[in-house]
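As structure tokens, the structure follows; a few thoughts come after it.
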Amino acid sequence: MKLALHPRDVRRATDFGEVVQIAYHAPNIEKLATWFAAELEAGPFYLLEHIALKSSLYRGEPMTFDHSSAYGQFGDVMIELIHQHDDQPSAVRDMYDADMKGLHHAAIFVDDLAGAMQDATESGMAIALDAHTADGVHFVMADAREKYGFMLEFYEPSPALLKFYQFIRRKSENWDGSDPLRRL
């Protein structure tokens, strides 16, 4: 598999701030995690299945976003492998059919989520996803495909979110490449 953009390239591809995570659409999370581990020595990946959302809006309309994601580390950036379990309209389906793979979004920590949303919309980027996880993380995806070729994800660096990022990074230190996909 050839990456549309290598993770190193994506980190320099936006002017909204430092990219802290790069996400790829994965028709099969296990296969893609194994590829990332073998080809880029990224990982290990930790899988969250059917991530619970308290609320979710797709382009301003309520929707159900049934997805799973696996998170691993590649150098200084987290890699997310995202899979949507259905074919409902979504920020994921805006870019990829169920059997396609490729770069989906770059995530950026912002100090002011509402301000980032406003900046994105004023730059001509529609808010494709506005969601809250069951444990309180508010995140949005701005449709930046015209400018960057992928979505941008914004969220504020809450203590719980920073702890998760630290967990993923810590698990990658001295990782021997074995067991590339693990369940949380």
Side-chain angles (χ1 to χ4, degrees), residues 4-5 10-11 13-29 32 45-71 77-165 168 184:
L5 283 175
V10 176
R11 288 206 69 193
T14 76
D15 54 5
F16 278 83
E18 180 183 0
V19 172
V20 296
Q21 178 200 81
I22 301 165
Y24 295 88
H25 180 256
N28 182 311
I29 288 177
L32 197 53
F45 287 86
Y46 288 85
L47 178 64
L48 291 172
E49 296 179 284
H50 300 279
I51 296 170
L53 297 178
K54 185 168 53 172
S55 66
S56 178
L57 299 174
Y58 168 67
R59 299 190 181 270
E61 297 295 322
M63 56 89 74
T64 301
F65 181 42
D66 183 14
H67 73 290
S68 294
S69 289
Y71 305 89
V77 69
M78 179 185 280
I79 300 290
E80 176 184 5
L81 308 177
I82 186 170
H83 174 80
Q84 182 175 325
H85 296 284
D86 57 32
D87 284 324
Q88 296 296 316
S90 71
V92 171
R93 290 291 171 254
D94 282 351
M95 293 183 65
Y96 295 105
D97 292 335
D99 61 343
M100 298 170 70
K101 59 185 164 234
L103 175 65
H104 183 263
H105 68 265
I108 300 165
F109 284 142
V110 295
D111 293 330
D112 176 13
L113 185 55
M117 292 171 69
Q118 182 176 344
D119 290 347
T121 56
E122 287 175 358
S123 296
M125 300 174 200
I127 301 302
L129 175 66
D130 185 345
H132 292 83
T133 64
D135 59 358
V137 176
H138 183 192
F139 65 100
V140 300
M141 286 188 193
D143 190 343
R145 290 179 292 168
E146 188 173 308
K147 185 168 184 175
Y148 301 118
F150 47 87
M151 300 273 181
L152 292 179
E153 181 177 45
F154 302 115
Y155 39 66
E156 294 175 358
S158 68
L161 197 54
L162 290 173
K163 184 176 178 181
F164 181 68
Y165 268 76
I168 295 298
L184 282 176

Using only atom types and a distance under 3.5 Å, with no angle test, would you say the side chain of [X] pairs donor to acceptor with the backbone of [Y]?
X	Y	result
His83	Ala26	yes
Thr133	Leu53	no
Arg93	Gln84	yes
His67	Ile82	no
Glu156	Leu113	yes

(Q) Applying side-chain hydrogen bond (donor to acceptor under 3.5 Å, both in side chains) to His105 and Glu80, what does each step give before you reach the verdict? (A) CA-CA 9 Å; His105 68 265; Glu80 176 184 5; 3.2 Å; yes
Inter-residue atom distance [X].[atom1] - [Y].[atom2], 0.5 Å rounding:
X	Y	atom1	atom2	value
Leu129	Asp143	CG	CG	11.5 Å
Ile51	Ser68	CD1	OG	6.5 Å
His85	Glu49	NE2	CD	7.0 Å
Leu48	Tyr71	CG	OH	5.5 Å
His138	Met117	NE2	CE	5.5 Å
Gln21	Ile108	CD	CD1	11.0 Å

(Q) We want to know whether Thr64 and Asp66 form a side-chain donor-acceptor pair, criterion being a heavy-atom distance below 3.5 angstrom. (A)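 Side chains of Thr64 and Asp66: no pair found under 3.5 Å.
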Q: For the residue pair His25 and Tyr96, categorise the inter-ring angle as parallel (less than 30°), tilted (30 to 60°) or perpendicular (more than 60°).
A: parallel
Q | Positive for ring pair (Phe, Tyr, Trp, His ring centres under 6.0 Å) with Phe109, one of Phe16, Phe154, Phe139, Tyr165 | A |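 One option only clears the test, and that one is Tyr165.
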State, to 0.1 Å, how close [X] and [Y] come at their nearest heavy-atom pair, and which atoms those are.
X	Y	value
Ala128	Asp94	CB-OD2, 4.2 Å
Pro27	Ala98	CB-O, 3.3 Å
Pro89	Met63	O-CE, 3.3 Å
Ile29	Ala70	CG2-CB, 3.6 Å
Val77	Val19	CG2-O, 4.2 Å
Ala116	Val110	CB-CG1, 3.9 Å

(Q) Taking atom CD as the centre, does Glu146 end up with more than 12 heavy-atom neighbours from other residues, nucleotides or ligands that are less than 6.0 angstrom away? (A)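 Check fails, neighbour count at 12 or below.
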Q: Decide side-chain contact (heavy atoms from CB on, under 4.5 Å) for Phe45 and Ile79; before the verdict, give the C-alpha distance in whole Å, the side-chain angles of both, and the deciding distance to 0.1 Å.
A: CA-CA 8 Å; Phe45 287 86; Ile79 300 290; 3.8 Å; yes
Q. In chain order, what residues pass the side chain to side chain contact (heavy atoms under 4.5 Å, CB included) check against Lys147, with sequence neighbours excluded?
A.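 So Lys147 forms a side chain to side chain contact (heavy atoms under 4.5 Å, CB included) with Asp15, Met125.
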